[in-house]
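As the structure is a computational prediction, the values presented were derived from the model and not from experiment. Just so it is clear: chains get the letters A, B, ... in the order the sequence lines come, proteins before strands, and each one is counted from 1.
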Protein chains: 2
Amino acid sequence: MNSKKRTAITAQAKKAPAETRERVLDVAERLFAERGLDAVSIRDIIAAAEANLGAINYHFGTKDGLIEAVFERRLVPSTQERLRALEAVERAAGDRPPKLEAVLEAIFRPVVEEAMDPKRGGITFGKLMARCFVDPNPVMERVMRSHFTPVVKRFDAALSRVMPNLSPEDVFWRMHLLMGGLHQSLLLLDRKPPPGLPRFQVDAETYIRRFVAFAAAAFRAPLPKD
Amino acid sequence: MNSKKRTAITAQAKKAPAETRERVLDVAERLFAERGLDAVSIRDIIAAAEANLGAINYHFGTKDGLIEAVFERRLVPSTQERLRALEAVERAAGDRPPKLEAVLEAIFRPVVEEAMDPKRGGITFGKLMARCFVDPNPVMERVMRSHFTPVVKRFDAALSRVMPNLSPEDVFWRMHLLMGGLHQSLLLLDRKPPPGLPRFQVDAETYIRRFVAFAAAAFRAPLPKD
DNA sequence: GTATGATTCATACGACCGTATGAATTCAAA
DNA sequence: TTTGAATTCATACGGTCGTATGAATCATAC
């Protein structure tokens, strides 16, 4: 009888602490993206989040635990979204190989949309991801391996089917390059443009269309004879 | 009479100190590339270089001075090489716009060759450069602005002439993307490949040919109507 | 109201950081 | 062999790091 009342009250009661945890995650994500994992101390984070030093220990255990939580929060949804989009593309294609552009859009759209959605932190996490690819931080490496590698494998397989004339190594190489390029280009979104150039600013749909066209052309580039 | 002896002795005598400075630079470059600027302490560096803590203060002043020296050593030559190659391409073309592939090769070849030349540190500095593009370290930013931005401007102008149908913003965007992709792809050179795939290994000329073909196709991708 | 569990807080610890300093050492030149 | 500059070395300083701990506070359940 009181189970209903209890859960209701509990939910309200847990709101404040949950807010602290979320606030710390938001601030940590932003600071990590701005300055890098090693350059940001947990003292910087708790100061900006107006929380207490012990909160990190309490909610995340260690700094590495916090880092992992920051990544998981964003990576899990976007990974699922990518895989779901790829499945939809393949289902729609039936037993024929899907269109190259459709596969590329499935993998690129989620992160672009996230990067352009202020409600999901905007470009902040995109900056962090850009770092992921080049930073050898062991925690980040582990997160990448557990969350990102499965997606890469799945999409590599799909792309190899679409582009049967490319070797698996070449598909892997091109995807890797484009993924790095994507994050690199996303960084332009909040970077001051060089003098003489207007600020780079387009909406998500335009960006996705441009990037997919760019990537598809690159993917179809014939391998020069070695 | 003793001038010969003097120079001989001088060369031998100065060898040790010059070697210390260079040894520190080599080790710092490697450690910075492996772990990141902030994660490496100058104590890590002098320990690996078998030097004394004071050597950093003596030769470079501060850690930032060391970082700057690490970048300058490689960036100055490669920048010069790029500009020289571009000039050669433009001179060869006379008053006609040069070929897109030639311009792209001029900017990409120097870093690929460096990344594949063990005598110039191999991929080590390439890893460091990959970080440059995403890392907001203020020292790195300053180095980039003073050494890299001029090259970008120069090549952007050249590419705009070659691809007059693309807007300057689009040229900038595509170059930025490809530059990030280049460094991203170079990282594969010393990364363990995912299970099932052979180690990515080609010689410099093949790599350059592939990358230029890839980049040219991407550059020629028509802008989709927005 | 009071007991209880969840959360926040102030504070402390040892380790490591970047930098500075001055003495010791090295070594070409006289 | 002495001189003087260049380089190396041992050592110290104040500051910040990540982590841990135990008391204080809070909101709920009885």
Original post:
Over how many whole Å does the gap from A:Phe60 atom CZ to D:dG18 atom P extend?
Top reply: 15 Å

**OP:** Whole angstrom is fine here: how far is it from CG in B:Asn137 over to C1' in C:dG18?
**Re:** 14 Å

Subject >> Side-chain N,O (B:Asn57) to OP1/OP2 (C:dT19) below 4.0 Å >> reply: no

Subject >> By salt bridge (Lys or Arg N to Asp or Glu O under 4.0 Å) - contacts of B:Arg35 (at least two apart) >> reply: B:Asp44

**OP:** Mind checking side chain to side chain donor-acceptor pair (under 3.5 Å) for A:Asp117 and listing every partner two or more places apart, or none if nothing turns up?
**Re:** A:Arg120

Original post:
Nearest-Å distance, CG (A:Leu31) to C1' (D:dC17)?
Top reply: 16 Å

**OP:** Would you indicate, yes or no, if C:dT8 has its OP1 or OP2 atom less than 4.0 angstrom from a side-chain nitrogen or oxygen of A:His59?
**Re:** yes

Original post:
For A:Val111, which residues count as a side chain to side chain contact (heavy atoms under 4.5 Å, CB included) partner, sequence neighbours excluded?
Top reply: A:Arg82, A:Leu182

Original post:
Does a side-chain heavy-atom distance below 4.5 Å link A:Asn52 with A:Ile46?
Top reply: no

Original post:
Does A:Asp26 pair with A:Arg73 as a salt bridge, N-O distance under 4.0 Å?
Top reply: yes

**OP:** Pull out every residue in residues 65-74 of chain B that has a heavy atom closer than 4.0 Å to any atom of DNA chain C, ordered by number, or say none.
**Re:** none

Original post:
OP1 or OP2 of D:dT8 sitting under 4.0 Å from any side-chain N/O of B:Thr20?
Top reply: yes

Name the atoms and distances for all side-chain donor-acceptor pairs under 3.5 Å in residues 125-134 of chain A, with sequence neighbours left out.
from, atom 1, to, atom 2, distance (Å)
A:Lys127, NZ, A:Asp190, OD2, 3.1
A:Arg131, NH2, A:Ala33, O, 2.7

Original post:
Near DNA chain D, under 4.0 Å by heavy atom, which residues of residues 36-55 of chain B?
Top reply: B:Arg43, B:Asn52, B:Leu53, B:Gly54

Subject >> Separation of atom OH in A:Tyr58 from atom P in C:dG5, rounded to whole Å >> reply: 13 Å

**OP:** Rounded off to whole Å, could you give me the CD1-to-P distance for the B:Ile56 and C:dT21 pair?
**Re:** 17 Å

Original post:
Checking B:Ser146 side chain against B:Val143 main chain: does a donor-acceptor pair fall under 3.5 Å?
Top reply: yes

Original post:
Is there a side-chain contact between B:Trp173 and A:Phe211, using heavy atoms and a 4.5 Å cut-off?
Top reply: yes

Original post:
Using a distance-only test with no angle check, is there a side-chain donor-acceptor pair under 3.5 angstrom linking A:Asp170 and A:Ser167?
Top reply: no

Subject >> Gap between atoms CZ and P, on B:Arg21 and D:dA6 respectively (whole Å) >> reply: 15 Å

